[in-house]
Amino acid sequence: MKQVDLLYTGKAKSVYRTDEPGIYIMKFRDDITAFDGEKKDTLSGKGRYNAEVSTFFFRYLEENGIRTHYIRSIEPGTIAVRGLEMIPLEVIVRNVAAGSIVRNYPFKEGEPLDPPVIVIDFKSDTHHDPMLNDDLIYALNLATPEELDQIKATALAINDILREYLDARGITLVDFKLEFGRYNGEILVGDEISMDSMRLWDKETGASLDKDVYRFNKGDVMETYAGVAKRILSPPGESV
Ligand code: CDP
């Protein structure tokens, strides 16, 4: 399979067409951004850790009956994926209040959200990702009611799977973001599932093990990403 032309370049990943129809190559770059792109840096090796963790979670989800765009790994930092017709929604599942939900609503940081809260934002740089509701999603023709029901049910199923997996490794899954796309009449999970798209707290210390370390200068980002990737890829109890 040969890489052909650049299809899309985002804040931290680039997607290329290949000579095989319907198969794309996704490269996790070392770029990291926060606050709607206002803070930006390049951290050597970051892309590899995010690709490694995303690959692991995509495979793990597939083993647990969730369909994703992942096909195979090509080299560190680069994976082959199914070409999806992306749905411009950022589907966030929250188990614990943190980040924007604390800024915008009267929740206390660290307050458990049981049942989990799904928040869906419009993925649009020009509009700065405003929050949507079901009626807006239908009015904007972003998804049908059937698709939205399926997206929400899949997001909650993924939350159960990831939460249990991470809990066994001493990590609280505070919240995470998913993106979905259409593929031959099905809805698949796309994008990435990594330290850039999840909020993870150490169960014992409460320390951030994710992009919040970068957002709020909480420590060495690469050391954090390397450490959490190791914990995620290890059997429970081995590298905690
Ligand atoms: O993190 P921030 O305060 O910007 O927004 P949030 O709504 O609290 O984010 C909830 C979760 O979704 C966090 O784990 C973010 O890292 C993730 N997220 C993301 O990956 N990409 C976005 N564009 C927005 C949120």
Side-chain angles (χ1 to χ4, degrees), residues 8-13 15 26 28-29 31-41 43 46-47 49-51 53-54 57-58 61 68-69 86-113 116-133 137 142 151-152 154-156 158-159 161-163 165-167 171-181 189-202 206-219 221 224-225 228-229 232:
Y8 168 85
T9 184
K11 294 194 191 90
K13 296 189 299 303
V15 180
M26 180 177 262
F28 291 72
R29 304 197 314 271
D31 302 323
I32 185 162
T33 73
F35 308 120
D36 211 5
E38 267 174 50
K39 182 171 174 174
K40 292 190 223 190
D41 283 284
L43 301 172
K46 190 213 73 153
Y49 288 124
N50 278 353
V53 166
S54 286
F57 281 138
F58 284 139
L61 290 176
T68 80
H69 69 159
M86 289 306 292
I87 302 172
L89 301 178
E90 301 203 335
V91 181
I92 298 163
V93 184
R94 299 173 177 280
N95 297 302
V96 177
S100 62
I101 202 176
V102 172
R103 288 195 302 276
N104 298 332
Y105 302 92
F107 290 111
K108 283 200 199 71
E109 169 106 358
E111 184 178 335
L113 302 169
V117 172
I118 298 181
V119 171
I120 303 185
D121 292 345
F122 182 28
K123 187 178 163 82
S124 163
D125 284 340
T126 47
H127 295 91
H128 305 286
D129 301 349
M131 191 190 291
L132 295 167
N133 64 22
I137 290 170
L142 301 177
I151 285 170
K152 288 182 185 173
T154 305
L156 290 176
I158 293 172
N159 184 47
I161 295 166
L162 297 187
R163 192 151 62 145
Y165 183 88
L166 291 163
D167 184 75
I171 299 170
T172 302
L173 177 59
V174 172
D175 57 41
F176 65 105
K177 188 241 348 178
L178 296 167
E179 293 182 27
F180 294 87
V189 181
D191 195 51
E192 68 184 297
I193 305 177
S194 74
M195 289 71 83
D196 277 9
S197 65
M198 294 186 281
R199 215 173 245 122
L200 304 171
W201 291 352
D202 186 283
S208 289
L209 306 171
D210 58 67
K211 197 160 99 174
D212 273 355
V213 175
Y214 173 71
R215 289 191 187 95
F216 305 112
N217 306 313
K218 288 181 170 192
V221 180
T224 303
Y225 276 39
V228 75
I232 289 171

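Counting convention: from 1, in listed order, for ligands and their atoms alike. Position 1 is the first residue of the sequence, and the numbers go up from there. Given the structure is predicted, the values throughout are model-derived calculations rather than measurements.
Set against the non-hydrogen atoms of D175, the atoms of ligand 1 under 4.0 Å away are 10 (C), 11 (C), 13 (C), 14 (O). Annotation for ligand 1: atoms under 4.0 Å from non-hydrogen atoms of R94 are 6 (P), 7 (O), 8 (O), 9 (O), 10 (C). Those atoms of ligand 1 that come under 4.0 Å of a heavy atom in R103, given as number and element, are 3 (O). Of all the atoms in ligand 1, the ones that sit under 4.0 Å from a non-hydrogen atom of G99 are 3 (O), 8 (O). Residue M198 has at least one heavy-atom neighbour below 4.0 Å for each of these atoms of ligand 1: 14 (O).
The protein heavy-atom contact nearest to atom 2 (P) of ligand 1 is R199 NH2, 3.6 Å. When hydrogens are left out, the protein atom nearest atom 8 (O) of ligand 1 is S100 N, 2.9 Å; that is the closest non-hydrogen contact. Protein heavy atom at the shortest distance from atom 25 (C) of ligand 1 is I92 CD1, 4.2 Å.
With sequence neighbours left out, the ring-ring contact (aromatic ring centres under 6.0 Å, His included) criterion links F216 to F35.
For the 3.5 Å distance criterion, the side chains of Y225 and N50 fail to qualify, holding no donor opposite an acceptor.
Heavy atoms of K211 found under 4.0 angstrom from ligand 1: none, in either backbone or side chain. Contacts between A98 and ligand 1, counted as non-hydrogen atom pairs separated by less than 4.0 Å, involve the backbone only.
Here the closest non-hydrogen pair linking A229 and Y49 is CB-CD2, 3.9 Å. Among all heavy-atom pairs drawn from K11 and R29, the shortest one is O-NH2, 3.1 Å. The minimum heavy-atom distance linking L173 with N159 is given by the pair CD2-OD1, 3.5 Å. The minimum heavy-atom distance between G190 and F58, with the atom names listed, is O-CZ, 3.6 Å.
Contact analysis leaves K123 out of contact with ligand 1, as no non-hydrogen atom separation drops below 4.0 angstrom. For D196, the heavy-atom gap to ligand 1 drops under 4.0 angstrom.
The pair D121-K177 does not count as a salt bridge, with every side-chain nitrogen at least 4.0 angstrom from each carboxylate oxygen. Under the 4.0 Å criterion applied to side-chain N and carboxylate O atoms, R199 and D175 are assigned as salt-bridge partners.
Nearest to atom 19 (C) of ligand 1 by heavy atom, out of K177, R215, E90, is K177.
Under the 6.0 Å distance and 45° angle rule, K39 counts as a cation-pi partner of Y214.
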